[in-house]
Amino acid sequence: MLQSTGTSAMHISYKLRFDGHDLRQVNVTGGAEAVAFCTDACSSEKECTAFTVDLTGPIVCQLKTLAAVKQGDVSNCVSISGWKDGHTPVVQRSRFAHYFHIEADKPVIGHGSQKVLDDGMYKAGLEGWIEFDKSIEEVTIRIGTSFISIDQAAKNIAREIPEGTSFEALAASNRGAWNDLLARTQLIDAGNQTEAEGEHARGTWYTNLYRTAIYPRKLYEISDEGSPIHWSPYDGRVHSGRMSSDLGFWDGYRTVYPLSTILRTNETGNQMEGWINAYKESGSLVSWASPGARGAMTGNMQDASISDAIAKGIGGFDTETAYEALMKDAFSPGFRRGLDMYERHGYIPVGSVLGFDSEVSATLNYALADHSMSLAAEKLGKAADAAKLKNRSRTWRSLFDPSFKGGFFRPRLSSGAWLDPFDELAWGGPYTEASAWQYRFYAPHEPEALAELYGGDRMCHYLSEMMTGGEGTDGPGAAYHKGSWGLHHEQTEMTENCFGQYEHNNQPVWHVLYMFAPAGCASAGQYWLRQATGRLYGPHMYTGDEDNGSMSAWYVLSAIGIYQLTPGSSTYRLGSPMFRHLVLQLDNGRTLEILAQSNSPENVYVQAASLNGVPLKCLTVDYFELMKGGKLEFVMSSKPSSFGTQSTCSDVRQHPSVSFV
């Protein structure tokens with residue numbers, strides 16, 4: 001994977017033009033976050049001879065000769081170095097710095113810094129500048145960055161952009177590396193009718209694939225010995241090994257890791273090493289890192305992703321320490337907010353934890369994480385832990401109220417009474433970034449049990465109602481009440497997307513379209529899946545929160561035709577593949593082909609499926625079988641099918657067909 005390592009080098013070619021404007025080219029090796037440069041505008045009164053950079057500390061000129069130092073001469077600098085901090089939470093501001101080291105192929109004749117306006121984020125408010133002789137028309141600058149030190153930034157230049165490297169060669173190398181990565185999937189046949197449709201399909205596929213490859217970021221660098229080292233945002237020290245950052249597991253557990261364990265297995269192990277190093281340096285697993293723990297979002301969902309890596313046998317990290325960290329989250333006070341209430345009541349009562357809401361969301365998230373951890377415990381032979389966690393993962397039932405408008409997850413008091421009055425359209429309070437509608441089907445680890453609680457074919461009815469609603473139905477369409485959360489972009493985006501209460505612009509609903517099949521109405525789910533992949537994505541379009549590559553990963557998985565409802569389980573649900581022929585190169589050297597016979601925008605229903613010539617009886621496929629490579633084949637049609645709902649599938653309910661269009 002090519003992404004920020006917290007270090008990189010940037011190569012700038014800057015050439016003055018005679019019309020009073022500047023021309024600048026920038027390339028960043030490894031997709032890194034190099035220090036941001038800006039250039040003063042040219043005018044007849046002012047020569048364009050200086051680059052400027054935001055910084056906190058002083059910039060230091062390394063002179064060519066000792067004599068120049070003695071004389072105080074700032075001309076003919078070999079390099080300029082400095083650092084910048086402040087773009088980080090207040091608790092980390094004293095620790096986090098972005099160091100830079102600049103080398104130019106022309107002499108620097110001056111440098112300095114000045115105070116600039118404090119914008120509330122960059123509190124130091126210093127702007128540094130370096131100057132070249134006005135006769136110079138072109139200068140090539142190599143910039144190394146580091147989170148460790150100025151010295152490390154200089155080493156990064158020497159390793160990544162040796163002296164004499166041309167801008168064109170660097171750009172070509174970087175472009176080639178990205179093309180090599182993206183070419184590990186080949187979209188052979190999109191099933192398009194026109195050339196424009198084919199370009200749109202390829203643009204959408206590779207745009208989303210690119211986004212999935214840049215998160216989480218690598219917050220580590222390379223030592224003199226060639227091994228990973230990192231500055232720690234947790235203890236402010238430099239350690240050996242990898243460090244991961246810039247991922248919220250509340251987003252990532254749903255799609256980022258279910259995809260990366262297939263497409264980038266080795267890199268997944270490297271990332272897990274980074275997350276476990278964060279645990280070693282802070283004493284707890286991080287749920288959202290940027291660069292260190294931000295304390296954001298609900299549910300300790302890092303437990304689900306780390307459990308998934310353990311259960312799938314992903315190598316490259318210390319599973320024993322990882323399991324130790326998981327058990328702290330599961331059972332130790334202080335590692336899960338409201339853990340004592342969750343264990344005492346089977347849910348987190350409203351108002352029971354000071355300064356903490358999202359009680360319904362947290363309870364449901366904890367239940368899923370518990371189930372995932374139980375599967376990791378089973379993998380490692382920890383039978384007692386597995387049994388306790390699996391039993392606790394069933395607590396979601398305690399918040400399901402079938403008597404309220406057919407069934408909703410509702411907040412409860414410590415007494416056991418339901419919170420009343422209750423508004424299922426109100427956002428916030430007990431629900432994270434959503435209302436009760438978006439959490440209505442949140443039991444992804446036990447969808448069949450949820451269908452049983454709804455009774456009969458009612459879950460299919462309410463799933464379809466969620467997609468449509470409005471006039472002529474019992475559903476509310478895309479209506480919402482601001483509730484305690486107030487008005488945010490998530491609500492307005494939901495109404496703009498015109499998809500009922502299915503709020504694809506945010507994460508809580510992404511499993512919902514894969515809940516149709518276990519409820520007994522797979523064809524309805526296939527219809528809505530193709531509506532989502534076709535209407536809500538494009539080469540230059542996202543419908544809302546594309547956080548950490550998670551919305552992109554949802555598309556990639558759904559375009560392949562698979563989705564993992566439960567982290568830690570080897571079962572992936574089959575959906576409705578987007579293309580006729582797709583080839584995936586796996587890390588183990590094998591190739592997985594996705595073939596969808598007769599696929600088209602009209603033929604969205606799966607009539608049959610097979611893996612390596614063996615017919616699949618159900619709308620599920622095993623992760624370990626997929627990783628053996630071969631061919632996953634679908635037969636598509638314009639007519640709904642009963643495939644996957646027959647009695648041979650024990651994981652689905654038997655219902656008559658349900659109207660959904």
| query | Between L487 and Y480, is a side chain to side chain contact (heavy atoms under 4.5 Å, CB included) present by the stated rule, with each step listed? | reply | CA-CA 10 Å; L487 180 63; Y480 63 86; 3.5 Å; yes

| How far apart are the C-alpha atoms of F499 and W528, what are their side-chain angles, what is the distance that settles it, and do they pass the ring-ring contact (aromatic ring centres under 6.0 Å, His included) test? | CA-CA 10 Å; F499 226 114; W528 290 113; 5.5 Å; yes

| query | side chain to side chain contact (heavy atoms under 4.5 Å, CB included) between N277 and Y234: does it pass, once the steps are laid out? | reply | CA-CA 10 Å; N277 281 336; Y234 304 99; over 6 Å; no

| said: Go through it in stages, so that I can follow the logic: the residues are W396 and E446, the test is side chain to side chain donor-acceptor pair (under 3.5 Å), and I'd like the CA-CA distance, side-chain angles, deciding distance and then a yes or no. | reply: CA-CA 10 Å; W396 59 268; E446 292 192 85; 2.8 Å; yes

| message | Using side chain to side chain contact (heavy atoms under 4.5 Å, CB included), reason through L463 and V512 one step at a time and then give a plain yes or no. | response | CA-CA 8 Å; L463 281 164; V512 166; 3.7 Å; yes

| said: Applying salt bridge (charged side-chain N to carboxylate O under 4.0 Å, His left out) to E424 and R410, what does each step give before you reach the verdict? | reply: CA-CA 8 Å; E424 75 277 15; R410 291 185 59 185; over 6 Å; no

| Between H504 and Y537, is a ring-ring contact (aromatic ring centres under 6.0 Å, His included) present by the stated rule, with each step listed? | CA-CA 11 Å; H504 192 80; Y537 289 86; 5.5 Å; yes

| task | Could you go through the side chain to side chain contact (heavy atoms under 4.5 Å, CB included) check for R264 and T212 one step at a time? | result | CA-CA 10 Å; R264 293 181 293 276; T212 67; 3.6 Å; yes

| Residues D547, Y215; criterion side chain to side chain donor-acceptor pair (under 3.5 Å); working and verdict | CA-CA 9 Å; D547 291 331; Y215 298 98; over 6 Å; no

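Residues S570 and D622 bring a donor and an acceptor atom of their side chains to less than 3.5 Å of each other. Checked by atom type, the side-chain pair Q271/Y257 shows a donor-acceptor distance below 3.5 Å. A donor-acceptor contact closer than 3.5 angstrom is absent between the side chains of N548 and S550. With 3.5 Å as the limit, one finds no donor-acceptor pair spanning the side chains of R237 and S232. Between S358 and T432, the side chains place a donor N or O and an acceptor N or O closer than 3.5 Å (distance only, hydrogens not considered). No side-chain donor from either of Y253 and D308 sits under 3.5 Å from a side-chain acceptor of the other. Side-chain polar atoms of S552 and N208 form a donor-acceptor pair below 3.5 angstrom.
Salt bridge E359/R412: absent, no basic N to carboxylate O contact under 4.0 Å. A salt bridge is absent between D246 and K218; no separation between the charged side-chain nitrogens and carboxylate oxygens falls under 4.0 Å.
Distance check, rounded to the nearest 0.5 Å: OG of S558 to CG of L259 gives 10.5 Å. With rounding to the nearest 0.5 angstrom, the SG atom of C498 is 10.5 Å from the CD atom of Q531. Separating the CD atom in E267 from the OG1 atom in T261 is a distance of 13.0 Å, to the nearest 0.5 Å.
Side-chain N or O atoms of E546 include one that pairs as donor or acceptor with a backbone N or O of M551 at under 3.5 Å. No donor-acceptor distance shorter than 3.5 angstrom exists from the side chain of D457 to the backbone of C460, with no hydrogens or angles considered. Put simply, the side chain of R254 gets close to the backbone of W250: a donor and an acceptor are under 3.5 Å apart. One N or O on the side chain of Y454 and one on the backbone of G407 form a donor-acceptor pair closer than 3.5 Å. The backbone N or O of T492 sits less than 3.5 Å from a side-chain atom of T495, completing a donor-acceptor pair. Side-chain atoms of E273 come within 3.5 Å of backbone atoms of R242 as a donor-acceptor pair (strictly under, hydrogens ignored). A donor-acceptor contact shorter than 3.5 Å links the side chain of S245 to the backbone of P291. For the pair S464 (side chain) and H461 (backbone), a donor-acceptor distance under 3.5 Å is absent. At least one donor-acceptor pair closer than 3.5 Å links the side chain of Q564 to the backbone N or O of S569. A donor-acceptor pair is defined here as one N or O able to donate and one able to accept, closer than 3.5 Å; no such pair exists between the side chain of N391 and the backbone of A387.
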Quiz: residues 345-356 side-chain donor-acceptor pairs under 3.5 angstrom, not counting sequence neighbours:
unit_1 : atom_1 : unit_2 : atom_2 : d
Y347   : OH     : L413   : O      : 2.7
S352   : OG     : P349   : O      : 2.8

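Using a 4.5 Å heavy-atom cutoff, the side chains of I306 and L285 are in contact. Looking at T620 and Y572, their side chains never come closer than 4.5 Å, going by heavy atoms from C-beta outward. Taking the side chain as every heavy atom from C-beta outward, N300 and N365 never approach each other to under 4.5 Å. The closest side-chain heavy-atom distance from L219 to P233 is below 4.5 Å. In this structure the side chain of L425 reaches within 4.5 angstrom of the side chain of Q501, judged on heavy atoms. Looking at M578 and R530, their side chains come closer than 4.5 Å, going by heavy atoms from C-beta outward. Two residues are said to be in side-chain contact when any heavy atoms from C-beta on lie closer than 4.5 Å; W437 and M466 meet this criterion. Considering only heavy atoms from C-beta on, M301 comes within 4.5 Å of L368 through its side chain.
Annotation: cation-pi geometry satisfied between R458 and Y462 (NZ/CZ under 6.0 angstrom from ring centroid, within 45° of ring axis). In this structure, R440 forms no cation-pi arrangement with F409, as its terminal cationic atom is not both closer than 6.0 Å to the ring centre and no more than 45° off the ring axis. K312 forms no cation-pi arrangement with F624, by the criterion of a distance under 6.0 Å to the ring centre and an angle within 45° of the ring axis. Annotation: cation-pi pair R294/W288 absent, no NZ/CZ under 6.0 Å from the ring centroid and within 45° of its normal.
Ring centroids of H488 and W427 are separated by 6.0 Å or more, keeping the two rings apart. Annotation: H511 is not in aromatic contact with F441 [ring centroid separation under 6.0 Å not met]. Taking the six-membered ring for Trp and the full ring otherwise, the centers of F317 and W275 sit at least 6.0 Å from each other.
When the shell of 6.0 Å around NZ of K382 is examined, it contains 12 or fewer heavy atoms from other residues, nucleotides or ligands.
Partners of E343 according to the side chain to side chain donor-acceptor pair (under 3.5 Å) rule, which considers only residues two or more places apart in sequence or in another chain, are R392. Taking H230 as the reference, H239 meet the ring-ring contact (aromatic ring centres under 6.0 Å, His included) condition, with sequence neighbours excluded. Partners of Y514 under the ring-ring contact (aromatic ring centres under 6.0 Å, His included) rule, at least two apart in sequence or in another chain, are Y563.
Shown here for G568 and A311, the closest heavy-atom pair between the two residues is O-CB, 3.3 Å.
Each side chain to side chain donor-acceptor pair (under 3.5 Å) pair with one or both residues in residues 322-332, not counting sequence neighbours, appears once here: Y279-E324, Y279-K328, Q302-D329, Y323-D385. For residues 366-394, the set of pairs meeting the ring pair (Phe, Tyr, Trp, His ring centres under 6.0 Å) definition, not counting sequence neighbours, comprises Y342-Y366, H371-H445.
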